[in-house]
Q: 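The structure's right below; bear with me while I get my questions together.
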Amino acid sequence: QLALGLTIVKFIAQQKNKNNIFNFVKWFNLWGLVLAGCLALLSLALSPLIANFLNINSKISIYILPIFIFFFSIVYIHRSILQGMLKFENLALSYILEIILKIVLTSIFIVLGWAVFGAVIALIMAVFFVFLMTRISLAPLLKGHGTSPLEMAKTTRFDWKNSAEEAYSQLKEKVEK
């Protein structure tokens with residue numbers, strides 16, 4: 001897992017051209033989706049064995065674990081891409097958000113009496129929210145957005161219009177009708 005993340009970081013960080021970065025991100029997202037799907041299916045197939053080995057009576061907790069594995073695998077790839085793009089604030093925020101959500105949601109669900117099922121649901125919810133956060137972090141931004149308030153104050157509506165047109169033209173080049 002570590003080797004995959006470092007490989008993604010290396011390939012993204014070496015790219016100077018935005019088109020190349022866009023192509024690598026697209027490629028890693030596609031194959032990350034395939035890898036995540038395979039891991040989720042494998043864990044689903046092994047769920048009965050895992051439930052019996054761990055002696056967990058609530059089998060539903062084990063059967064929904066592949067959802068966690070699917071989203072966590074994609075989040076791992078998104079985080080590697082963010083690191084390669086030097087978006088360290090977004091990367092750190094994703095880790096902090098994941099930790100806080102896991103602790104808070106797990107505590108709430110266990111207090112509600114959901115035990116193992118509640119803990120698994122908390123894991124899935126936390127990773128899903130982090131998936132959304134990392135996915136949004138990889139989306140094109142208008143000039144000045146996602147930076148500092150000082151940078152934002154320096155931009156005009158013309159900068160934003162140019163940013164939107166540039167993102168549209170890049171997307172138009174890459175996507176077939």
Side-chain angles (χ1 to χ4, degrees), residues 1-47 50 62-102 120-148 151-152 155 159-177:
Q1 181 184 16
L2 182 61
L4 174 65
L6 291 176
T7 302
I8 294 170
V9 170
K10 179 185 175 197
F11 276 104
I12 298 293
Q14 287 179 339
Q15 302 307 312
K16 303 299 180 210
N17 183 336
K18 283 186 179 184
N19 266 348
N20 289 348
I21 293 173
F22 179 81
N23 288 335
F24 272 115
V25 168
K26 183 178 168 183
W27 190 87
F28 284 126
N29 275 328
L30 172 68
W31 286 105
L33 197 62
V34 170
L35 176 66
C38 290
L39 288 173
L41 288 174
L42 178 65
S43 65
L44 183 62
L46 296 175
S47 289
I50 295 169
I62 298 299
Y63 284 115
I64 62 174
L65 205 53
I67 299 169
F68 169 79
I69 292 170
F70 178 80
F71 284 110
F72 185 77
S73 301
I74 295 172
V75 165
Y76 179 76
I77 289 169
H78 285 178
R79 284 177 172 159
S80 298
I81 293 169
L82 287 171
Q83 187 176 357
M85 295 172 77
L86 305 179
K87 292 186 173 186
F88 296 119
E89 287 180 5
N90 295 10
L91 178 67
L93 184 62
S94 76
Y95 282 114
I96 293 167
L97 180 66
E98 181 181 7
I99 291 167
I100 291 171
L101 284 173
K102 282 180 180 177
V120 172
I121 291 296
L123 287 174
I124 290 170
M125 289 176 68
V127 169
F128 180 73
F129 284 120
V130 172
F131 161 75
L132 292 176
M133 184 250 155
T134 57
R135 187 75 184 153
I136 290 168
S137 297
L138 291 173
L141 295 175
L142 296 176
K143 186 171 182 175
H145 288 74
T147 58
S148 67
E151 280 295 315
M152 179 70 167
T155 60
D159 294 325
W160 298 343
K161 179 180 174 278
N162 291 339
S163 296
E165 288 174 351
E166 181 183 326
Y168 174 74
S169 65
Q170 286 177 355
L171 186 61
K172 189 176 175 182
E173 290 175 14
K174 304 298 177 199
V175 178
E176 296 176 20
K177 291 184 181 182

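Since the model is a prediction, treat every value here as computed from it, not as a measurement.
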Q: In Å, rounded to the nearest 0.5 Å, how long is the span from CG of L91 to CE of M133?
A: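 Atom-to-atom, L91:CG and M133:CE are 8.5 Å apart.
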
Q: If you round to the nearest 0.5 Å, how far is OG of S43 from CD1 of I69?
A: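 The CD1 atom of I69 sits 3.5 Å away from the OG atom of S43.
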
Q: Does any non-hydrogen side-chain atom of F131 lie less than 4.5 Å from one of F72?
A: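 Sidechains of F131 and F72: no contact.
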
Q: Determine the minimum heavy-atom distance between F68 and L123, stating which atoms define it.
A: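 Shortest heavy-atom contact: CD1-O, 3.7 Å.
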
Q: Under the 3.5 angstrom rule, does the side chain of D159 hit a backbone N or O of T155 as a donor-acceptor pair?
A: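 Between the backbone of T155 and the side chain of D159 there is no qualifying donor-acceptor contact (under 3.5 Å).
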
Q: What's the shortest heavy-atom distance between L101 and A126, and which atoms?
A: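 Where L101 meets A126 most closely, the heavy atoms are CB-CB, 3.7 Å.
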
Q: Tell me the closest heavy-atom pair linking F70 and A40, and the distance in Å.
A: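 Heavy-atom minimum between the residues: CB-CB, 4.0 Å.
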
Q: Measuring only between side-chain heavy atoms, which start at C-beta, is L86 closer than 4.5 Å to F88?
A: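 Answer yes - side chains close enough.
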
Q: Which distance, rounded to the nearest 0.5 Å, do you find between the CD1 of I77 and the CG of L138?
A: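 If I round to the nearest 0.5 Å, the distance is 11.5 Å.
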
Q: Less than 4.5 Å apart, side chain to side chain, heavy atoms only: is that true for S94 and V75?
A: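 A side-chain contact is absent here, since even the closest heavy-atom pair is not under 4.5 Å.
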
Q: Nearest 0.5 angstrom please: F24 CZ to Q14 CD, how far?
A: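 F24 atom CZ to Q14 atom CD measures 8.0 Å (nearest 0.5 Å).
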
Q: Please report the C-alpha distance between E166 and K161 in whole Å, then the side-chain angles of each, then the deciding distance to 0.1 Å, and finally whether the salt bridge (charged side-chain N to carboxylate O under 4.0 Å, His left out) criterion is met.
A: CA-CA 9 Å; E166 181 183 326; K161 179 180 174 278; over 6 Å; no

Q: To the nearest 0.5 Å, tell me how far Q15 CD sits from F22 CZ.
A: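 Those atoms lie 14.0 Å apart.
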
Q: With the side chain counted from C-beta on, respond yes when N29 and R135 share a heavy-atom pair under 4.5 Å apart, and no when they do not.
A: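 In short, these two side chains touch, coming nearer than 4.5 Å.
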
Q: Taking Y63 for the side chain and L44 for the main chain, is one N or O donor matched with an acceptor at less than 3.5 Å?
A: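 A pair under 3.5 Å: no.
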
Q: Assess whether side-chain hydrogen bond (donor to acceptor under 3.5 Å, both in side chains) is satisfied between R79 and T134, documenting all intermediate values.
A: CA-CA 7 Å; R79 284 177 172 159; T134 57; over 6 Å; no

Q: Looking only at non-hydrogen atoms, find the nearest pair between I74 and G32 and report the distance.
A: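 Answer, listing the atom of I74 first, then G32: CG1-O, 4.4 Å.
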
Q: Atom CG of L65 and atom CD1 of I50: how far apart are they, to the nearest 0.5 Å?
A: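 So the CG of L65 and the CD1 of I50 are separated by 7.0 Å.
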
Q: Identify the two heavy atoms, one from S137 and one from L82, that lie closest to each other, and give their separation to 0.1 Å.
A: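 So the two residues come closest at CB-CD2, 3.8 Å.
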
